[in-house]
**Student:** 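I'd like to ask you about the structure that follows.
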Amino acid sequence: MKQGKLIVLSAPSGSGKTTLVKYLLHKEELNLDFSISAASREPRSGEIHGKDYYFLSLREFKDKIKADEFLEWEEVYRDNFYGTLKTEVQRIWDKGKHVIFDIDVVGGLDIKRIYPDRTLAIFVKPPSIEELKIRLKKRKTESEDKINMRVAKASTELATAPQFDAVVTNDDLEKAKAEVLQLVKKFIVN
Ligand code: ADP
Ligand code: 5GP
């Protein structure tokens with residue numbers, strides 16, 4: 001069975017991990033492919049099934065948990081389940097590529113625990129919780145309630161930062177991009 005490496009970017013919602021993952025995916029020399037997670041939330045406008053997420057109903061998601069189809073899964077917010085299907089990682093390794101994940105801190109640390117030597121787990125830190133809220137408001141993808149729910153979870157998530165292999169503060173985006181690029185390049189070459 002072919003096995004490549006795993007790059008995890010985890011952070012509180014709004015920290016900028018999706019932005020950084022997209023940046024890394026454009027660097028062809030890194031040979032990365034995005035792990036498409038399964039999710040039980042509604043698609044946002046513009047999100048595509050099979051590209052951004054595999055959007056499942058709550059029932060479908062729970063059936064897959066029972067069938068042991070997930071490498072890891074989490075109820076990240078109430079009734080919003082997210083998880084990595086075992087088949088997804090193998091699909092990418094079979095193509096000879098490394099896997100990059102945009103997942104929550106618990107899932108990210110689970111991946112690191114399952115594949116300790118093959119995984120680089122990066123924590124993306126926001127400059128502050130206030131800035132996180134500003135970014136989520138500006139992104140305009142969640143209601144006020146949902147933004148508050150995400151921000152409320154941020155302090156517990158921030159406390160997990162020391163368990164990651166590296167912490168990158170995303171204040172100046174260009175600086176954060178350069179830092180993650182350097183970390184991933186070094187890990188993939190070794
Ligand atoms: P996450 O995936 O962690 O929820 P996103 O990548 O969607 O975060 O970023 C949240 C919002 O903040 C987006 O609208 C994004 O364009 C913006 N953003 C990302 N990085 C920065 C930064 N360094 N400074 C200001 N805004 C940023
Ligand atoms: P969003 O709804 O903003 O797309 O994602 C909400 C949170 O769920 C983010 O922190 C995102 O990284 C996380 N997430 C996405 N996919 C997965 C996954 O497969 N597993 C886990 N544990 N979290 C995920």
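Both ligands and their constituent atoms are indexed starting at 1 by order of listing. Remember, predicted model here, so these are calculated numbers, not experimental data. For the numbers below, each heavy atom of this structure counts, side chains included, while hydrogens, waters and symmetry mates do not.
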**Student:** Check ligand 2 against Glu74 and write out every atom of the ligand that is under 4.0 Å from a heavy-atom position of the residue.
**Tutor:**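 Within the 4.0 Å cut-off of Glu74, ligand 2 contributes 22 (N).
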**Student:** Can you report which non-hydrogen protein atom sits closest to atom 15 (C) of ligand 1, along with the distance?
**Tutor:**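 For atom 15 (C) of ligand 1, the nearest protein heavy atom comes out as Thr19 OG1, 3.8 Å.
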**Student:** For Asn170 and Lys125, indicate whether the former's side chain and the latter's backbone hold a donor-acceptor pair under 3.5 Å.
**Tutor:**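 Here the side-chain-to-backbone pair does not exist.
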**Student:** Please confirm whether Gly14 comes within less than 3.5 Å of ligand 1 when only nitrogen or oxygen atoms on both sides are compared.
**Tutor:**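 Yes.
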**Student:** Quick check: Phe61 with Tyr82 (ring centres under 6.0 Å apart)?
**Tutor:**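 No, the ring centres sit 6.0 Å or more apart.
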**Student:** Please work out whether any backbone atom (N, CA, C, O) or any side-chain heavy atom from C-beta onward of Asp171 is under 4.0 Å from ligand 1, and answer side chain, backbone, both or neither.
**Tutor:**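 Under 4.0 Å from ligand 1, Asp171 contributes backbone atoms alone.
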**Student:** So is there a nitrogen or oxygen of Glu47 less than 3.5 Å from a nitrogen or oxygen in ligand 2?
**Tutor:**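 No, no N or O pair falls under 3.5 Å.
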**Student:** Find all atoms of ligand 2 within a distance of less than 4.0 Å from any non-hydrogen atom belonging to Arg41, and give their numbers and elements.
**Tutor:**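 Counting from 1, the qualifying ligand atoms are 1 (P), 2 (O), 4 (O).
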**Student:** In ligand 2, which numbered atoms sit nearer than 4.0 Å to a non-hydrogen atom of Gly107?
**Tutor:**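 Checking each atom against Gly107, I get 22 (N).
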**Student:** Please check if the number of heavy atoms outside Lys86 that lie under 6.0 Å from its NZ is greater than 12.
**Tutor:**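 Enclosed.
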**Student:** Tell me whether Ser35 contacts the main-chain N or O of Phe101 through its side chain, where contact means a donor paired with an acceptor under 3.5 Å.
**Tutor:**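 Not confirmed, Ser35 side chain does not pair with Phe101 backbone.
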**Student:** Just going by heavy-atom distances, which of Lys137, Lys138, Glu131, Arg139 is nearest to atom 14 (O) of ligand 1?
**Tutor:**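 Minimum heavy-atom distance to atom 14 (O) of ligand 1 goes to Arg139.
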**Student:** Of the protein's non-hydrogen atoms, which lies at the shortest distance from atom 9 (C) of ligand 2, and what is that distance?
**Tutor:**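 Protein heavy atom with the smallest distance to atom 9 (C) of ligand 2: Lys17 NZ, 3.8 Å.
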**Student:** Measure the distance from atom 24 (N) of ligand 1 to every protein heavy atom, then report the residue, atom name and distance (to 0.1 Å) of the closest one.
**Tutor:**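 In this structure, atom 24 (N) of ligand 1 has Arg135 NH2, 3.2 Å as its nearest protein heavy atom.
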**Student:** Asp172 to ligand 1: N or O pair under 3.5 Å?
**Tutor:**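 Checking ligand 1 against Asp172, no N or O pair falls under 3.5 Å apart.
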**Student:** Which one of Gly16, Ser13, Ser10 has a non-hydrogen atom at the shortest distance from atom 8 (O) of ligand 1?
**Tutor:**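 Heavy atom nearest to atom 8 (O) of ligand 1 belongs to Gly16.
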**Student:** So is there a nitrogen or oxygen of Arg44 less than 3.5 Å from a nitrogen or oxygen in ligand 2?
**Tutor:**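 Right, the criterion is met.
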**Student:** For atom 2 (O) of ligand 1, what's the nearest protein heavy-atom neighbour? Residue, atom name and distance, please.
**Tutor:**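 In this structure, atom 2 (O) of ligand 1 has Thr18 OG1, 2.4 Å as its nearest protein heavy atom.
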**Student:** Going by the angle between their ring planes, with limits at 30° and 60°, are His49 and Phe55 parallel, tilted or perpendicular?
**Tutor:**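 Correct class here is tilted.
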**Student:** Run the salt-bridge test on Glu131 and Arg135 with the 4.0 Å N-O cut-off and return the result as yes or no.
**Tutor:**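 Answer for the salt bridge query: yes.
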**Student:** Do Arg41 and Glu47 have side chains that approach each other closer than 4.5 Å (heavy atoms only, starting at C-beta)?
**Tutor:**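 Yes. Closest side-chain heavy atoms under 4.5 Å.
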**Student:** Which of the numbered atoms in ligand 1 are below 4.0 angstrom from a heavy atom of Leu173?
**Tutor:**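 So the atoms of ligand 1 that pass are 20 (N), 23 (N).
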**Student:** Spell out, as yes or no, whether a donor-acceptor pair under 3.5 Å connects the side chain of Asp165 to the backbone of Ile122.
**Tutor:**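 Looks like no, no N/O pair under 3.5 Å.
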**Student:** Quick one: which of Glu157, Glu142, Glu144 gives a salt bridge (charged side-chain N to carboxylate O under 4.0 Å, His left out) with Arg150?
**Tutor:**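 Considering Glu157, Glu142, Glu144, a salt bridge (charged side-chain N to carboxylate O under 4.0 Å, His left out) with Arg150 is found only for Glu142.
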**Student:** Please say whether Asp102 places an N or O atom under 3.5 Å from an N or O atom belonging to ligand 1.
**Tutor:**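 Asp102 vs ligand 1: no N/O contact under 3.5 Å.
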**Student:** For the NZ atom on Lys95, are there more than 12 heavy atoms of other groups (residues, nucleotides or ligands in this structure) within a distance under 6.0 Å?
**Tutor:**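 Result for NZ/Lys95: enclosed.
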**Student:** Would you check if Leu30 and His98 make a side-chain contact, meaning some heavy-atom pair closer than 4.5 Å?
**Tutor:**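 The answer is no, as the side chains (C-beta and beyond) never meet within the 4.5 Å cut-off.
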**Student:** One thing to verify: whether Glu174 and Lys177 come together as a salt bridge, which I'm taking to mean a side-chain N less than 4.0 angstrom from a carboxylate O.
**Tutor:**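 So Lys177 pairs with Glu174 through a salt bridge.
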**Student:** With the threshold set at under 4.0 angstrom, would you say Glu142 reaches ligand 2 through any of its heavy atoms?
**Tutor:**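 It does not; every heavy atom stays at 4.0 Å or beyond.
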**Student:** To the nearest 0.1 Å, how far is atom 2 (O) of ligand 2 from its closest protein heavy atom, and which atom is that?
**Tutor:**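 Of every protein heavy atom, Tyr82 OH, 2.5 Å lies nearest to atom 2 (O) of ligand 2.
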**Student:** So, taking the atom named OG1 in Thr119 and the one named NZ in Lys5, what distance separates them when rounded to the nearest 0.5 Å?
**Tutor:**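 Here the interatomic distance stands at 10.5 Å.
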**Student:** When you compare the side chains of Thr141 and Arg139, does any donor N or O come within less than 3.5 Å of an acceptor on the partner?
**Tutor:**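 Per modelled atom types, Thr141 and Arg139 side chains form a pair under 3.5 Å.
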**Student:** Which protein heavy atom lies closest to atom 20 (N) of ligand 1, and at what distance to 0.1 Å?
**Tutor:**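 Residue, atom and distance for the closest contact: Asn170 ND2, 3.0 Å.
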**Student:** Polar contacts were defined as any N/O atom of the residue lying under 3.5 Å from an N/O atom of the ligand; does this apply to Val76 and ligand 2?
**Tutor:**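 No, no N or O pair falls under 3.5 Å.
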**Student:** Among all protein non-hydrogen atoms, which one is nearest to atom 22 (N) of ligand 2, and what is the separation to 0.1 Å?
**Tutor:**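 Checking every protein heavy atom, the shortest distance to atom 22 (N) of ligand 2 gives Asp104 OD1, 2.7 Å.
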**Student:** Applying a heavy-atom cut-off of 4.0 Å, say which part of Glu157 lies close to ligand 2: side chain, backbone, both or neither.
**Tutor:**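 None of Glu157 does.
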**Student:** Any nitrogen or oxygen of Ser15 lying under 3.5 Å from a nitrogen or oxygen in ligand 1? Just yes or no.
**Tutor:**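 Yes, Ser15 has an N/O under 3.5 Å of an N/O on ligand 1.
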**Student:** Please confirm whether the backbone N or O of Asp79 pairs with a side-chain atom of Ser40, one donor and one acceptor, at under 3.5 Å?
**Tutor:**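 Yes: the side chain of Ser40 pairs with the backbone of Asp79.
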**Student:** Assess Thr84 for proximity to ligand 2: is some non-hydrogen atom of it under 4.0 Å away?
**Tutor:**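 Yes, that is the case, since the closest heavy atom of the residue is under 4.0 Å from the ligand.
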**Student:** Does Tyr77, backbone or side chain, put an N or O under 3.5 Å from an N or O of ligand 2?
**Tutor:**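 N/O-N/O distance below 3.5 Å does not exist for this pair.
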**Student:** Ile100 and side-chain contact (heavy atoms from CB on, under 4.5 Å): which single residue from Asp33, Leu9, Leu6, Val184 fits?
**Tutor:**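 Of the listed residues Asp33, Leu9, Leu6, Val184, the side-chain contact (heavy atoms from CB on, under 4.5 Å) partner of Ile100 is Leu9.
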**Student:** Against heavy atoms of Ser37, which atoms of ligand 2 measure under 4.0 Å?
**Tutor:**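 Heavy-atom distances to Ser37 below 4.0 Å select 16 (N), 17 (C), 18 (C), 19 (O).
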**Student:** Using a 4.0 Å cut-off to any heavy atom of Glu72, which atoms of ligand 2 qualify?
**Tutor:**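 In order of numbering, the contacting atoms are 18 (C), 19 (O), 20 (N), 21 (C), 22 (N).
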**Student:** Report yes or no: does a heavy atom of Tyr53 sit under 4.0 Å from some atom of ligand 2?
**Tutor:**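 The answer is yes: ligand 2 sits under 4.0 Å from a heavy atom of Tyr53.
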